[in-house]
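Heavy-atom basis, side chains included; hydrogens, waters and symmetry copies ignored.
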Amino acid sequence: MVNMNTEQAYSVIADILSAHFEPNEVFDRLELMVEIGDGATRRQVWKHFNGVNSQPIGKRLPLQAGADLRRAVFFLRDNQLETTNEQIWGLVFTLYPDSSFNIDYTYEKSDWLKGGE
């Protein structure tokens, strides 16, 4: 997917977030937290169900899924900078069982991104 738009980026993120879990797994919400550097990302995935927060165990995604996720995240970062003139350093993508979602952007660098500063 060379050219991407916002809706496609959201769809890629939702698909990859869902792929961390079994198709019939129940949840109140799934969250993908991504820190965005110049050429690298770091992510955490969470499932929230009945007040319990857990992370997927032993689920490895294909390398292409990681590349697609990075491409979608970098597109959203670049698009946000182009349309709002604001640099984002991360995002939290929340997916609900009815396929609706929410996305929150982070405008401050995390400690991971600050490195030795």
* Structure fact -> Distance col, row Gln87:CD vs Gln80:CD, nearest 0.5 angstrom, shows 9.5 Å
* Structure fact -> Given the options Asn102, Asp104, Leu95, Thr94, Glu31 meets side chain to side chain contact (heavy atoms under 4.5 Å, CB included) only with Thr94
* To do: Check the hydrophobic clustering (I, L, V, M, F, W, Y; side-chain heavy atoms under 4.5 Å; chains of links allowed) and say if Ile13 and Leu61 are grouped together.
  => yes
* Asked: Going through the checks in order, is the side chain to side chain contact (heavy atoms under 4.5 Å, CB included) test met by Lys109 and Glu35?
  -> CA-CA 8 Å; Lys109 281 186 177 182; Glu35 296 174 72; over 6 Å; no
* Roughly how far apart are Met4 CE and Arg71 CZ, rounded to 0.5 Å? -> 6.0 Å
* Asked: Is the number of heavy atoms from other residues, nucleotides or ligands within 6.0 Å of CG (Asn53) greater than 12?
  -> yes
* Has the side chain of Gln8 got a donor or acceptor atom that lies under 3.5 Å from a matching backbone atom of Asn5? -> yes
* Kindly give the heavy-atom pair with the smallest separation between Asn50 and Asp28, and that separation in Å. => N-OD2, 2.7 Å
* Without swapping roles, check the side chain of Ser100 against the backbone of Tyr96 for a donor-acceptor pair under 3.5 Å. => no
* Please check if the side chain of Ser18 supplies one atom and the backbone of Ala14 the other of a donor-acceptor pair under 3.5 Å. => yes
* Asked: Mind checking whether Phe21 and Phe27 have ring centres under 6.0 Å apart?
  -> no
* Would Leu17 end up clustered with Val92 when hydrophobic side chains under 4.5 Å apart are linked, directly or stepwise? -> no
* Do Leu63 and Leu32 sit in the same hydrophobic cluster, where Ile, Leu, Val, Met, Phe, Trp and Tyr count as joined when their side-chain heavy atoms come under 4.5 Å apart? -> no
* Asked: Phe74, Leu76: one ILVMFWY side-chain cluster at the under-4.5 Å cut-off?
  -> yes
* Check the angle between the aromatic planes of Phe93 and Tyr10 and answer parallel, tilted or perpendicular using the 30° and 60° thresholds. => tilted
* May I ask you to test the Met33-Arg42 pair for a side-chain heavy-atom distance under 4.5 Å? => no
* Shared hydrophobic cluster, Tyr105 / Trp46 (ILVMFWY, side-chain heavy atoms < 4.5 Å) -> no
* How about Phe75 and Thr6: do any of their side-chain heavy atoms sit closer than 4.5 Å? -> yes
* Asked: Side chains of Trp89 and Ile36: does their closest heavy-atom pair fall under 4.5 Å?
  -> no
* Asked: Take atom CD in Glu86; do more than 12 heavy atoms of anything else shown fall under 6.0 Å from it?
  -> yes
* Asked: Of the non-hydrogen atoms in Arg43 and Gly66, which two are nearest, and what is the gap between them?
  -> NH1-CA, 4.4 Å
